[in-house]
Amino acid sequence: MNKKKTSKTLYQIMTAALTVPMMLSSLSSCKNGGDPTVNTPTMNENAIDLSGFSIVRADVFSTEAAEMVIKVKSTIKEKTGADLPVKLDVDTTGTEKEIIIGNTNREASMASLKKLKEKTNKDAYIIEITDSNIVIVGTSEAATMRAMKVFLYDYVNISCEKNLLNIENGKVVAALYDPDKISVLSNGAELEIKVSPTTLLEANGAVKKFGQIMDIQMVHYPSIIELKYQQNPEDNGKLIVHFALGDTMKPSTHSCFMESNDGGKTWSLLARPEAQQSKELTPGSMSHLYELPEQIGEFPAGTLVYSSNSIDYSIRSEIWVWYSTDCGKTWNQTAKIANGGCVKPVPGWHEQSGVWEPFTYYDNGYLYCFYSDDSDLLHDQKIVYKRSSDGINWSEQVDVCTFDDPEARPGMFVMTKLDNGEYFMVYEYVKNPYKKDASIVYYKKTSDISNWNHTDPGTRITTPGGLGLEAAPSCVWTPTGSECGAIIVSSRTTMKDLFVSFDYGKTWSTFPNPLPWTPITGGKPGYSSSFVLGSDNRTVYYVSTTDIPGQNSCRIEFTSFVIY
């Protein structure tokens, strides 16, 4: 965060809906192994030396709030080595070098509360930091509890040097505390919605949109990124979403890119690139959007990568990669990664011989493209990958999932990386041992992205009560929620709930889906969702296909959330 942002006044913060982007890393973020896709915080030059500080809390606190104060103390000791005494405000007079928690008798906390109440009559909290005092207080005990959690995540947990508190987030943080936007998870962590569900585009027929006449019959397969590696710093933080768009006014164009410059509150059209190769095929379906964290070949860090199916279900299927070096405004369809058949048998191909559902990821000098492959006569379907060191020339395919049962169909690969160095993939497994006629969601893990032990069938994702997932999975790992962070998984069956694991996939529970939907017959709600972890290492951006209430059609919806 630059100096201009950290010097914002309280008034500016509070008038911006009392919400400020805040820096976060988990307890394990200092050991991410140099992964370029994970941001490692650096100590701010204005870090506070906690030597000689004490923690002072309000005398009137519930047991839960008092225990949270002890957690603040223990986490500070763990992260910085500073062992700070805890005192009640009634037992001591105000001194310099105090972390003041709650509505105490200290002038500093009373002044902070006054600022809050001057700006809003709603429940809110504030964190104010000076060289001699740190004030953590809310207009209610619940808000103060949230302020303590924010303080731990956004300051203490990213402090890795002796006695020094990292204040990269700035010296003032203020936000509303809205219980209606909070869900309590199975381990006691809290999920808070940051941006309420927002519609990007609806499939509602003929409309004038973006200055043009569009007849939108279908939207699905969204994919989302946050720009993090752009050479122009002002471009970083933008959100870009791609999805398939069925527009009868321009039937050859089925790709739509939209962008947001305000964290997802509002969206505008960015691009609708035309197909440049294989013009008899329909581009844009089953696509994945990605941003290069490092240069490969002639493509610099920050280049956007769009891997996409080009298909005609009665002719053939192809997977192409497109690149953009101007933040998604223009695209070049550069290289064909894979070539396959179709759904119906045609000369030269057997039935179900297509290539589908690409997913790109950069790792250790290579750009990987994972995809589903029906073209192997020995397997009804399998998951494979190819990789490239220059973005143009691609290797021979390598198997990721190939099972002994020739009728087994693993597919729809999506992956996230965990802070323990493992790669976690989800996929749907048709003809599985659990329920052969369903697309049951499984997961696999590996410490080597190039080697997945392809004959290992993985593990079914299920809660202790036996609840599982089917079809079109997606996943993301966030460092918040527990010492192992949280793995979040969606599927086509997560209409009302998403799945979460706080132990790297060993056990699973559910929480309310921030973008719920209702099954309909004329669209594809829940097919497929997409997540991305923000550059603050805390905010999860989430986009999905949901139904339009009262209509037999779908829309693309967005939200964002944080787990504390």
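Model, not experiment: these values are computed from the prediction.
- A side-chain donor-acceptor contact under 3.5 Å links Ser375 and Asp373.
- In this structure Phe257 satisfies the ring-ring contact (aromatic ring centres under 6.0 Å, His included) test together with His242, Tyr306, Trp331, sequence neighbours excluded.
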Evaluate ring pair (Phe, Tyr, Trp, His ring centres under 6.0 Å) for Phe413 paired with Phe359, printing each intermediate quantity in order.
-> CA-CA 7 Å; Phe413 174 102; Phe359 180 94; 5.6 Å; yes

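- Closest heavy-atom contact between Ser490 and Ser529: OG-CB, 3.4 Å.
- Of the N and O atoms on the side chains of Thr493 and Ser491, at least one donor lies less than 3.5 Å from an acceptor on the other residue.
- Between Tyr361 and Tyr368, the distance from one ring center to the other does not fall under 6.0 angstrom.
- Side chain of Thr559 to backbone of Val195: a donor-acceptor contact under 3.5 angstrom is found.
- Under 3.5 Å, the side chains of Asp536 and Thr539 contain a donor-acceptor pair of N or O atoms.
- Ring geometry for Tyr153 against Tyr564 counts as tilted: the plane angle lies between 30° and 60°, on a 0 to 90° scale.
- Between the side chains of His220 and Thr545, no donor-acceptor pair of N or O atoms lies under 3.5 Å.
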Verdict with supporting geometry, Asp437 and Lys431, salt bridge (charged side-chain N to carboxylate O under 4.0 Å, His left out) = CA-CA 6 Å; Asp437 60 346; Lys431 303 294 183 181; over 6 Å; no

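- Taking the side chain as every heavy atom from C-beta outward, Pro525 and Arg492 approach each other to under 4.5 Å.
- A donor-acceptor pair is defined here as one N or O able to donate and one able to accept, closer than 3.5 Å; no such pair exists between the side chain of Gln295 and the backbone of Pro300.
- Under the 3.5 Å distance criterion, the side-chain polar atoms of Thr463 are left unmatched by any main-chain donor or acceptor of Ser509.
- With hydrogens and angles disregarded, no donor-acceptor distance shorter than 3.5 Å links the side chain of Gln333 to the backbone of Trp322.
- A donor-acceptor pair shorter than 3.5 Å can be found between the side chains of Tyr434 and Arg460.
- In this structure, Ile563 and Ile488 have side chains that are in contact, with non-hydrogen atoms separated by less than 4.5 Å.
- For NZ of Lys435, the number of neighbouring non-hydrogen atoms (other residues, nucleotides, ligands) closer than 6.0 Å is 12 at most.
- Between Tyr443 and Phe424, the distance separating the two ring centers is shorter than 6.0 angstrom.
- A pairwise comparison of heavy atoms in Ser223 and Ser287 identifies CB-O, 4.1 Å as the closest pair.
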Steps toward side-chain hydrogen bond (donor to acceptor under 3.5 Å, both in side chains) verdict (Gln230, Glu291) = CA-CA 9 Å; Gln230 298 303 307; Glu291 182 188 24; 2.7 Å; yes

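- If you take CD1 on Ile216 and CD on Glu202, they are separated by 9.0 Å, rounding to the nearest 0.5 Å.
- Annotation: the span from Ser183 atom OG to Leu185 atom CG amounts to 7.0 Å, rounded to 0.5 Å.
- Taking NZ of Lys444 as the start and CD1 of Ile383 as the end, the distance is 7.5 Å to the nearest 0.5 Å.
- Using a 4.5 Å cut-off on side-chain heavy atoms (C-beta onward), Phe558 and Leu239 make contact.
- The nearest pair of heavy atoms linking Trp477 to Cys484 is NE1-O, 3.0 Å.
- Interatomic distance, CG of Leu292 versus OH of Tyr362, reported as 8.0 Å (0.5 Å rounding).
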Please assess Thr446 against Asp448 for the test side-chain hydrogen bond (donor to acceptor under 3.5 Å, both in side chains), listing each intermediate value before the final yes or no.
-> CA-CA 5 Å; Thr446 183; Asp448 179 1; 5.9 Å; no

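- The nearest pair of heavy atoms linking Ser317 to Gly354 is OG-CA, 3.2 Å.
- Taking the ring axis of Tyr429 as reference, the NZ or CZ atom of Arg409 does not stay both within 45° of it and closer than 6.0 Å to the ring centre.
- Annotation: side chain of Arg316 is in contact with side chain of Asn339 (closest heavy-atom distance under 4.5 Å).
- Salt-bridge check for Lys382 with Asp374: failed, with every basic side-chain N at 4.0 Å or more from each acidic carboxylate O.
- Lys445 has a carboxylate O that lies under 4.0 Å from a charged side-chain N of Glu422, or vice versa, which qualifies the two as a salt bridge.
- Ala271 approaches Gly328 most closely through the heavy-atom pair CB-O, 3.4 Å.
- Glu318 and Ser310 are not linked by any side-chain donor-acceptor pair at a separation below 3.5 angstrom, with hydrogens and angles left out of the test.
- At a cut-off of 3.5 Å, with distance as the only test, no side-chain donor of His379 or Thr402 sits close to an acceptor on the other residue.
- Between Trp452 and Met415 there is a side-chain heavy-atom pair separated by less than 4.5 Å.
- The residue from Val414, Thr416, Ile449, Val400 that alone fulfils the side chain to side chain contact (heavy atoms under 4.5 Å, CB included) condition with Met425 is Val400.
- The shortest side-chain heavy-atom distance between Asn420 and Tyr504 falls under the 4.5 Å cut-off.
- In this structure, His288 contributes its side chain and Thr360 its backbone to a donor-acceptor pair below 3.5 Å.
- Within the structure, every pair that satisfies the salt bridge (charged side-chain N to carboxylate O under 4.0 Å, His left out) test and touches residues 543-558, not counting sequence neighbours, is listed here: Arg555-Glu557.
- Put simply, CD on Glu294 and OH on Tyr229 are 8.5 Å apart, with the number rounded to the nearest 0.5 Å.
- Considering only heavy atoms from C-beta on, Ser255 stays 4.5 Å or farther from Leu245 through its side chain.
- With hydrogens and angles ignored, the 3.5 Å screen pairs no side-chain donor or acceptor of Asn236 with any backbone N or O of Lys238.
- Side chains of Ser439 and Glu470: no donor on one and acceptor on the other come within 3.5 Å.
- No hydrogens or angles considered: nothing links the side chains of Asn204 and Gln551 as a donor-acceptor pair under 3.5 Å.
- Judged by distance alone, with hydrogens and angles left aside, the side-chain atoms of Thr510 form no donor-acceptor pair with the main-chain N or O of Phe499 at under 3.5 Å.
- Side-chain contact of Ser388 with Asp390: a donor-acceptor pair under 3.5 Å is present, judged by distance alone.
- Two residues are said to be in side-chain contact when any heavy atoms from C-beta on lie closer than 4.5 Å; Ile296 and Leu367 meet this criterion.
- Side-chain polar atoms of Trp356 and Asn309 form no donor-acceptor pair below 3.5 angstrom.
- Note that the CZ atom of Phe511 and the CG atom of Leu191 stand 5.5 Å from one another [nearest 0.5 Å].
- Aromatic ring centres of Tyr221 and Tyr527 lie closer together than 6.0 Å.
- Within a 6.0 Å sphere centred on NZ of Lys436, heavy atoms belonging to other residues, nucleotides or ligands number more than 12.
- Every residue two or more places apart in sequence or in another chain that forms a side-chain contact (heavy atoms from CB on, under 4.5 Å) with Val540 is listed here: Val476, Thr478, Phe531, Leu533, Phe561.
- Each of Leu201, Leu289, Ile224 was scored for a side chain to side chain contact (heavy atoms under 4.5 Å, CB included) with Val241, with one residue passing: Ile224.
- In plain terms, the two heavy atoms of Ser560 and Tyr541 that are nearest each other are CB-CD2, 3.7 Å.
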